[in-house]
Amino acid sequence: MPPSRHLSPLLIASLLAASPALSPAATVQKGHAATHAGFKLDPVPTPAIDDAARMATFTLIDGERDRNSGELAVLADGKVPAGEDAPRENFFFAMNTAGGRIGVDLGKVLSVKSIGSYSWHAGGRGPQVYDLYAADGTAKDFNPAPKKGTDPATVGWKRVAKVDTRFKEGNGGGQHGVEISNPDGQPLGEIRHLLFDVAKTDDADPHGNTFFSEIDVIDAKAATPQRLKTPERIVKSYKSKDGGFRYIIDSTKAPALTEWTEKELLPVIEEWYPKLVEMLPSDGYRAPDVVNFEFRDDMGGTPAYAAGNRIALSATWFPGQLGREAKGCVVHEMGHVVQNYWRARQTNRQPSPTPGWVTEGICDYIRWFLYEPESKGAVIRDARQAKYDASYRVTANFLDWLTTAKDKDLVRKLNAAAREGRYDEKLWNEWTGKTVQELGEEWRKAIEDGKR
Ligand SMILES: [Zn+2]
């Protein structure tokens with residue numbers, strides 16, 4: 001409101017009539033989670049599914065939709081994006097533009113209890129920066145679609161709140177939730193029109209436009225809306241007995257496996273991760289001291305995989321394998337975390353690639369010959385299958401033969417070369433005096449002669 005003391009009483013009366021009955025002191029509650037929190041962003045409630053915005057008309061009053069953005073309808077569909085970079089499931093203004101204005105027409109005047117806005121992006125497009133205006137649409141000079149450059153307060157709107165969820169530090173990536181309401185629980189006012197005057201989150205970043213996921217308008221006179229249900233996350237963290245390692249296990253997607261994981265799998269992890277670290281050393285190398293294990297339900301037919309210090313476990317494959325392959329599979333994946341061959345590029349300007357059969361063969365060698373030799377899972381009965389580069393169990397058998405018949409340190413040397421990006425076929429000669437093909441043939445013969 002402009003200062004009124006210079007205005008004539010008549011004008012004051014008309015200004016008051018033009019302003020919807022809005023209480024002056026709306027509060028803005030903010031919630032944030034750096035990662036996927038299912039939009040459980042206390043103190044902000046999770047997004048509403050059947051709120052008044054669902055029936056409203058959303059209009060792009062000013063600004064340009066990014067060509068990768070979803071339509072405005074995604075803001076009121078009661079759904080949230082599946083991931084932290086899901087452009088089609090969000091609405092955002094175009095690259096190289098500075099925000100814009102979004103209008104929401106509720107269709108009729110409602111007693112609005114609160115307004116919510118939700119956004120999600122891993123980087124600088126996570127936070128929200130906007131001014132919210134409201135109107136009942138009855139003002140004589142009311143303009144339902146004022147462009148940037150026109151102060152909405154001069155054309156029948158009243159500012160309800162100023163929102164800015166950015167942080168002083170960091171890019172603010174993650175999930176953001178905002179709830180605008182009255183601290184006393186009374187409705188915000190009698191409202192038909194809302195105007196979100198959206199600014200960029202970062203003027204210097206051409207991409208600095210918020211990924212808006214959902215906008216909610218809660219009608220004080222309607223039934224309490226349904227809200228998105230967030231499954232309780234089940235994440236446990238364990239410190240190794242010597243204190244040197246930490247294991248974080250997320251079984252949110254496989255709650256039925258939580259007990260098995262703690263009682264059966266954790267002891268294997270605690271025994272074997274430090275063993276793997278000791279078994280696969282190289283100069284100046286330090287294995288990750290935190291390892292994350294996460295059950296996931298989006299892995300298709302893949303039982304497990306490792307990337308960096310994260311191991312993904314299939315929530316659908318594991319339940320059928322508890323007494324069978326489950327633990328050995330985790331030992332194999334921990335092998336990849338310790339191998340860490342991804343880092344060769346950081347320590348070596350021109351790393352030579354390590355063949356996949358070497359990488360997988362080492363992990364399967366440790367699994368089948370050191371972790372669970374009694375399962376005899378990598379025994380080769382038919383010498384015709386004995387191809388040293390056949391990967392996994394077959395290569396594992398070859399490596400076991402090499403360590404017993406040729407050089408007990410061979411796997412350690414092979415691992416160090418791979419990790420440092422200097423794998424080369426010539427190394428086999430250096431280590432054993434023979435080519436890998438000759439070694440493969442000698443091993444095959446040993447199987448054929450029943451000596452293995
Ligand atoms: Zn593997």
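Start at 1 and go down the list; that is how both ligands and their atoms are numbered. What you see is a predicted model; the values in this text were computed from it and never measured.
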Would you give the angle at the Zn ion (ligand 1) between H336 atom NE2 and H332 atom NE2, to the nearest 10°?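 NE2 of H336, the Zn ion (ligand 1) and NE2 of H332 span an angle of about 100°.
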If only side-chain N and O atoms count, and only distance matters, is there a donor-acceptor pair under 3.5 Å linking Q175 with H121?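 No, no side-chain donor-acceptor pair sits under 3.5 Å.
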With ring centroids as reference points, do Y247 and Y238 lie under 6.0 angstrom apart?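 Aromatic pair excluded; centres sit 6.0 Å or further apart.
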For N/O/S atoms only: which one belongs to E360 and is nearest the Zn ion (ligand 1)?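 This residue's closest N, O or S atom turns out to be OE1.
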Report yes if some heavy atom in the side chain of V411 is under 4.5 Å from a heavy atom in the side chain of L280; otherwise report no.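 Yes, their side chains come closer than 4.5 Å.
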Note, K445 side chain near W443 side chain (heavy atom, < 4.5 Å):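 Side-chain contact under 4.5 Å: no.
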Could you tell me whether the Zn ion (ligand 1) has an N, O or S atom of D364 under 2.8 Å away?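 Under 2.8 Å: D364 has no N, O or S contact with the Zn ion (ligand 1).
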